[in-house]
Amino acid sequence: MLRKYSVDPDKRKGQSFLVDHAIARDIVEMAELSSEDSVLEVGGGLGILTHWIAETGCKVNVIEIEPGLCRALNDTFEEQDNVAVIEGDALTVDLPDVDKVISNLPYNISSEITFRLLHELSFQVAVLMYQKEFAERLVAQPGTSHYSRLTVNATYLASVEPVMDVPATCFYPKPSVDSRVVRMYHRKAGPFAKDYRVFQWLVRGIYSYPNKQARKALGFWLRTLSLDKSMVEVIIRKTSSVKGNERLRTLTLSDVISLADSAFEMIEDGLLPDPRGESHEDGSV
Ligand code: SAM
């Protein structure tokens, strides 16, 4: 199929396609689809997941960036009017309104696409395959080595459970990494920050240094904002739980929210600049 549709080899670089139908079917089953559901698939590839999603009778919207693969998908599913192929970049095309997301994501855009899905779609469940190390960071517990800025941001928005490991042998070409499937839900129960943009601003500012003590990381961050380091103690004092000598890696989501809420109060009091007009092209968090 790849030769027939002459896929640009440069565009395929680093992409591996799932070739194990039993695994593809298991992944789709994890979303517990009904024929009433509407599903988004990011990166259709050769359509192995698309096939099993479409089998359930639900509507599948599959976004694929590579024109040759879009032609292949359109030909393969020509007879099935419940499959719609959207040619484009999943980071920029308009996303369809869906109930569920099922994807073997392009690993090079894992972070950006995950946060786009979480910010823009109110899906009931997303069943997503990632590079194993990325999935480990998504679900890491405070105090562990995988706990990072990604973990804090993802934990704020979502609850994530690992559901299946997929070895490299299930793909062609065989990648050098293993993969993990997770189930993701929007987080419904609090705590939530007083202002999500302030939470994002603080996390972006301090979590480049997850091994640093909170006090040190806050100090570095304030210096980049040309602010006096003495503000650090004000931020810490206002929190209910953070002492300052904890490593960022060990702070719970509630601790980080409490730091963000301190920063929020200081913005309201005119002690910190207001970041809320700033835009980040990558929708960055
Ligand atoms: N779902 C297929 C499977 O499981 O075999 C393909 C998965 S492959 C890891 C990722 C697919 O995403 C490739 O077909 C690639 O062309 C496509 N892709 C890469 N970047 C993309 C983007 N920004 N937007 C949409 N599709 C993209």
Side-chain angles (χ1 to χ4, degrees), residues 111-112 114-119 134-162 182 184-285:
S111 184
E112 295 95 318
T114 301
F115 287 103
R116 181 164 197 222
L117 297 175
L118 284 166
H119 285 147
F134 187 91
E136 281 170 343
R137 286 164 61 213
L138 279 181
V139 302
Q141 292 301 309
T144 63
S145 61
H146 295 298
Y147 195 78
S148 61
R149 174 172 138 185
L150 171 73
T151 321
V152 176
N153 280 318
T155 310
Y156 187 88
L157 294 172
S159 64
V160 185
E161 52 169 348
V182 307
M184 185 178 281
Y185 305 88
H186 285 278
R187 185 170 71 99
K188 297 271 182 348
F192 292 102
K194 288 184 176 149
D195 191 309
Y196 177 50
R197 290 162 301 173
V198 173
F199 174 85
Q200 290 180 295
W201 180 58
L202 175 115
V203 172
R204 200 167 45 241
I206 65 176
Y207 263 91
S208 322
Y209 321 106
N211 275 327
K212 289 228 173 325
Q213 290 186 339
R215 177 174 284 108
K216 279 240 164 72
L218 285 163
F220 275 124
W221 175 48
L222 291 186
R223 214 163 50 212
T224 64
L225 296 173
S226 311
L227 292 171
D228 196 288
K229 255 176 85 175
S230 59
M231 292 290 161
V232 171
E233 296 310 320
V234 184
I235 298 181
I236 291 172
R237 245 195 335 268
K238 280 179 178 288
T239 71
S240 44
S241 56
V242 180
K243 302 269 173 293
N245 56 353
E246 309 90 332
R247 297 203 182 276
L248 289 179
R249 207 180 270 303
T250 67
L251 296 184
T252 62
L253 179 63
S254 303
D255 293 332
V256 183
I257 288 174
S258 152
L259 284 170
D261 286 350
S262 297
F264 174 81
E265 282 172 29
M266 291 169 71
I267 292 165
E268 299 279 285
D269 293 343
L271 295 172
L272 288 180
D274 192 339
R276 286 171 286 181
E278 290 172 15
S279 71
H280 290 269
E281 273 175 20
D282 56 354
S284 102
V285 280

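In this chain, numbering begins with 1 at the start of the sequence shown. Just the heavy atoms: all of them, side chains too, but no hydrogens, waters or symmetry mates, feed the values below. In this text, all values refer to a predicted model and were calculated from it rather than measured experimentally.
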For a quick test of your reading: what N or O donor-acceptor pairs under 3.5 Å do the side chains of residues 214-221 make, sequence neighbours left out?
from, atom 1, to, atom 2, distance (Å)
R215, NE, E233, OE2, 2.7
R215, NH2, E233, OE1, 3.4
R215, NH2, K243, O, 3.2

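Between L150 and F115, the closest side-chain pair of non-hydrogen atoms falls below 4.5 Å. Y156 is not listed as a side-chain neighbour of V152, based on a closest heavy-atom distance of 4.5 Å or more.
Between atom CD1 of residue I257 and atom OG of residue S262 there is a gap of 12.0 Å, rounded to the nearest 0.5 Å.
Put simply, the side chain of T239 never gets that close to the backbone of I235: no donor and acceptor are under 3.5 Å apart. Put simply, the side chain of D274 gets close to the backbone of R276: a donor and an acceptor are under 3.5 Å apart. Side-chain atoms of Y207 come within 3.5 Å of backbone atoms of L248 as a donor-acceptor pair (strictly under, hydrogens ignored).
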Set out, in order, the CA-CA distance, both residues' side-chain angles and the distance that settles side-chain contact (heavy atoms from CB on, under 4.5 Å) for L259 and L251, then state yes or no. CA-CA 10 Å; L259 284 170; L251 296 184; 3.9 Å; yes
Pair L117-M184, side-chain contact (heavy atoms from CB on, under 4.5 Å): steps then yes or no: CA-CA 11 Å; L117 297 175; M184 185 178 281; over 6 Å; no
Show your working on side-chain contact (heavy atoms from CB on, under 4.5 Å) between R204 and N153 and close with a plain yes or no. CA-CA 9 Å; R204 200 167 45 241; N153 280 318; over 6 Å; no
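Checked by atom type, the side-chain pair T151/S148 shows a donor-acceptor distance below 3.5 Å.
Among L227, V198, L272, the one residue that satisfies the side chain to side chain contact (heavy atoms under 4.5 Å, CB included) test with M266 is L272.
Taking the six-membered ring where the residue is Trp, F199 and Y196 present parallel rings, their angle staying beneath 30° rather than reaching 60°.
The stretch residues 248-267 participates, sequence neighbours left out, in these salt bridge (Lys or Arg N to Asp or Glu O under 4.0 Å) pairs: K194-E265, K238-E265. Applying the side-chain hydrogen bond (donor to acceptor under 3.5 Å, both in side chains) rule to pairs touching residues 138-147 yields E136-H146, sequence neighbours excluded.
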